[in-house]
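Inspection log for the structure reproduced underneath, given as structure tokens.
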Amino acid sequence: MPTYSIDLDKIYTQTLHAEWLHQRKVLLDVLRLDQLHEVVSGNKWFKLKYYLQDALLSGATSAATFGGAYSNHIVAFSYACKQAGIKSTGIIRGEEPSSLNDSLKDAKNAGMELHFTDRSSYHNREAIKKQFSNIYWVDEGGYGKPGAKGAAEILSFAPGKEKYTHIVCAVGTGTMMAGLIKSAGIHQHITGISSMKNNHTLTSQVKSLLEPHEQQKSFSVMHDFHFGGYAKHPPGLLQFMNEIWLQQLLPTDIVYTAKTLYGIKQLILNNTIPSGSSVLMIHSGGLQGNRSLPVNTLLF
Ligand SMILES: *Cc1c(COP(=O)(O)O)cnc(C)c1O
């Protein structure tokens with residue numbers, strides 16, 4: 001039986017040890033939000049918190065959202081609704097498959113009603129929403145201010161968070177990054193590693209979740225570590241994931257966190273993150289998505 005509760009006490013920071021860190025005198029700690037739950041992604045839990053609170057306060061008994069067939073957001077949403085005691089609906093991009101993948105099976109087992117929608121109708125959000133009444137809607141990926149407000153609580157789980165000069169996270173919608181910017185100190189730089197190729201609207205997406213004074217803080221989005229595009233995972237990335245596992249016992253996911261850690265390494269080696277820095281990487285979870293790989297691709 002899967003459990004539908006999460007345990008915030010399971011979060012901890014892991015210090016990495018490697019020659020490329022030692023050489024540059026860089027401290028790299030990883031905030032293990034992936035430890036929250038075996039299926040629900042760490043950051044999704046934080047991002048969904050205020051949406052669910054809002055749904056419950058507004059008296060909703062049912063909530064719905066959008067996502068792809070392997071989406072961490074869809075799975076997390078189904079669990080979070082189950083835990084909150086409300087019905088969940090997922091609008092899934094693409095035709096109904098002959099058999100459900102692990103992510104969708106999990107969502108369905110958590111009680112989510114799945115609606116498959118072909119790619120062109122999927123983008124017509126208003127037309128879809130009209131087909132349902134009395135339902136609380138959350139945007140794809142949990143993008144929005146309540147999501148950023150929840151993500152702003154992430155840093156309070158990093159002991160001694162003031163010591164970090166750089167905080168680095170993966171970027172999908174930019175909601176988590178916005179939350180980190182909100183809660184970071186003015187001496188800290190927030191770097192977001194985009195999981196997509198050439199998505200240059202991300203910076204403005206992040207900004208629109210911030211108040212004017214927060215927009216003045218120090219942050220940047222990097223676009224060089226997508227490995228070919230969203231969810232693309234060439235052999236070089238898989239090899240890096242296995243190396244990191246063997247050297248650090250740190251599991252990463254193919255869509256977000258492996259690319260983030262790879263990016264951090266390059267930014268340290270090319271001195272964008274200067275020698276002597278203290279870096280906190282947010283491990284935002286997502287490990288459930290690795291189940292889409294053929295067995296034995298990963299060593300963990
Ligand atoms: C969804 C997700 C992200 C992206 O978060 P955004 O707030 O959409 O930028 C990053 N990492 C993991 C593991 C995720 O599941």
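We're numbering straight along the sequence, starting at 1. For ligands, and for the atoms within them, numbers begin at 1 and follow the listed sequence.
Considering only residues two or more places apart in sequence or on other chains, K207 meets the salt bridge (Lys or Arg N to Asp or Glu O under 4.0 Å) condition with none of them.
The side-chain tip of R93 does not point at the ring of F66 from less than 6.0 angstrom away and within 45° of straight on.
Y262 has its ring centre less than 6.0 Å from the ring centre of F227.
Every pair passing side-chain hydrogen bond (donor to acceptor under 3.5 Å, both in side chains) that includes a residue from residues 20-34 is listed here, sequence neighbours excluded: Y12-R32, Q14-R32, T15-D29, D29-Y164, R32-D34. A ring-ring contact (aromatic ring centres under 6.0 Å, His included) check over residues 89-120, counting only residues at least two apart or in different chains, returns the pairs H115-F132.
Exactly one residue among L114, I135, T65 makes a side-chain contact (heavy atoms from CB on, under 4.5 Å) with T89. That residue is I135.
Protein neighbours of ligand 1 below 4.0 Å, counting non-hydrogen atoms: S41, N43, K44, K47, N72, A170, V171, G172, T173, G174, T175, M176, Y256, S284, G285, G286.
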